[in-house]
Chemist: 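So that we are looking at the same thing, I have put the structure below in structure tokens.
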Amino acid sequence: MSTRSERAEAVRRLVREARHGLLSTNGLEPAGFPYGSLVPVASAEAGEPLLLVSALAQHAKNLVADPRASLLLLARSEGDPQQAARATLIGTARRLDGAEAAAARVRYLDAHPDAARYFELDFRLWALAPAEARYVGGFGAAAWVSGTELVGS
């Protein structure tokens with residue numbers, strides 16, 4: 001069993017504890033520009049961020065065209081948000097289906113119980129497979145963390 005770095009554990013903790021994040025996708029309109037949107041977030045068992053996205057949403061359309069994305073997560077804090085721990089995960093999003101989607105739904109609803117009604121509409125679960133994350137733990141405490149350290153048991 002490999003040992004994760006302290007920063008990788010901090011990023012995994014942010015993913016587990018986050019309830020919202022800023023999802024940035026490669027925009028279709030206007031083409032080529034980053035498109036950011038606030039999204040509710042949960043954590044898959046393996047540590048990937050889970051997103052519940054409507055097919056009508058611009059970020060869903062962007063992900064279908066180009067699944068590369070980033071997700072900014074910020075730790076809850078009482079003071080200056082720039083002093084709070086945060087991470088930007090960059091990777092590839094994939095829409096979940098079948099048994100994987102069923103398991104993710106349970107975890108998502110555990111974090112967002114009021115979201116059950118959205119599953120009856122056109123909302124679907126997506127997971128972001130992180131290639132890397134930029135972790136900032138405060139002033140002077142920043143580092144890149146490999147995606148292989150972030151996902152898995």
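Bear in mind that the values here come from a model prediction, so they are computed numbers and not experimental data.
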Chemist: So, Glu132 side chain and Trp144 main chain: donor-acceptor pair closer than 3.5 Å or not?
Modeler: no

Chemist: With no hydrogens and no angle check, is any side-chain donor or acceptor of Arg86 less than 3.5 Å from a backbone partner on Leu73?
Modeler: no

Chemist: Inspect the contact between Glu48 and Arg12 and indicate whether a charged nitrogen and a carboxylate oxygen are less than 4.0 angstrom apart.
Modeler: no

Chemist: Nearest 0.5 Å, what's the OG-CD1 distance between Ser24 and Ile90?
Modeler: 11.5 Å

Chemist: Compare every heavy atom of Ala93 with every heavy atom of Leu63, then report the nearest pair and how far apart it is.
Modeler: CD2-CB, 3.8 Å

Chemist: If you count every heavy atom of other residues, nucleotides or ligands that lies below 6.0 Å from Tyr118 atom OH, does the total exceed 12?
Modeler: no

Chemist: Would you say Arg16's side chain and Ala42's backbone share a donor-acceptor pair under 3.5 angstrom?
Modeler: no

Chemist: So, the side chain of Arg4 versus the backbone of Glu149: is there a donor-acceptor pair under 3.5 Å, distance only?
Modeler: yes

Chemist: Within the 4.5 Å heavy-atom criterion, are Leu128 and Leu89 side-chain neighbours or not?
Modeler: yes

Chemist: Hey, are the side chains of Leu71 and Leu22 touching, using non-hydrogen atoms and a 4.5 Å cut-off?
Modeler: no

Chemist: When rounded to the nearest 0.5 angstrom, what is the spacing between CG in Leu14 and CZ in Arg76?
Modeler: 10.5 Å

Chemist: For Arg94 and Glu100, what are the C-alpha separation, side-chain angles and deciding distance, and is it a salt bridge (Lys or Arg N to Asp or Glu O under 4.0 Å)?
Modeler: CA-CA 11 Å; Arg94 70 182 189 291; Glu100 187 179 27; 2.6 Å; yes

Chemist: Is there side-chain contact between Asn62 and Asn26, with at least one heavy-atom pair below 4.5 Å?
Modeler: no

Chemist: List the atom of Ala69, the atom of Leu23, and the distance in Å for their closest heavy-atom pair.
Modeler: CB-CD1, 4.0 Å

Chemist: Would you say Val39 and His59 make side-chain contact, with heavy atoms under 4.5 Å?
Modeler: yes

Chemist: Applying the 4.5 Å side-chain criterion to the ILVMFWY set and letting contacts propagate, would Phe33 and Leu28 be lumped into a single cluster?
Modeler: no

Chemist: So, taking the atom named CZ in Phe123 and the one named CZ in Arg117, what distance separates them when rounded to the nearest 0.5 Å?
Modeler: 9.0 Å

Chemist: Cation-pi check, Arg105 to Phe119: give yes when NZ or CZ is under 6.0 Å from the six-membered ring centre and within 45° of the ring axis, no otherwise.
Modeler: yes

Chemist: State, yes or no, whether a side-chain contact exists between Pro40 and Tyr108 at a heavy-atom distance under 4.5 Å.
Modeler: yes

Chemist: Check whether the side chains of Gln58 and Ser37 place a donor and an acceptor atom closer than 3.5 Å, and report yes or no.
Modeler: no

Chemist: Measure from the side-chain N and O atoms of His112 to the backbone N and O of Val41, and report whether any donor-acceptor pair falls under 3.5 Å.
Modeler: yes

Chemist: Of all the heavy-atom pairs spanning Ala101 and Leu125, show the shortest one and how long it is.
Modeler: O-CD1, 3.8 Å

Chemist: Does some side-chain heavy atom of Arg107 sit less than 4.5 Å from a side-chain heavy atom of Ser43?
Modeler: yes

Chemist: Kindly give the heavy-atom pair with the smallest separation between Arg7 and Ala141, and that separation in Å.
Modeler: NH2-CA, 4.3 Å

Chemist: Cluster question for you: counting only ILVMFWY and a side-chain heavy-atom cut-off of under 4.5 Å, with indirect links fine, are Leu50 and Leu109 together?
Modeler: yes

Chemist: If you define the side chain from C-beta out and look only at heavy atoms, does anything of Leu96 sit under 4.5 Å from Trp126?
Modeler: no

Chemist: So, for Asp110 and Pro113, which heavy atoms are closest and what is the spacing to 0.1 Å?
Modeler: O-CD, 4.1 Å

Chemist: Where do Leu74 and Ala84 come nearest, in terms of heavy atoms and distance?
Modeler: CD1-CB, 3.8 Å

Chemist: Grouping I, L, V, M, F, W and Y whenever their side-chain heavy atoms are under 4.5 Å apart, do Tyr35 and Val64 come out in a common cluster?
Modeler: no

Chemist: Should we say atom CD of Glu9 is surrounded by more than 12 heavy atoms from elsewhere, each under 6.0 Å from it?
Modeler: yes

Chemist: Check whether any side-chain heavy atom of Asp66 sits under 4.5 Å from a side-chain heavy atom of Thr25, and report yes or no.
Modeler: no

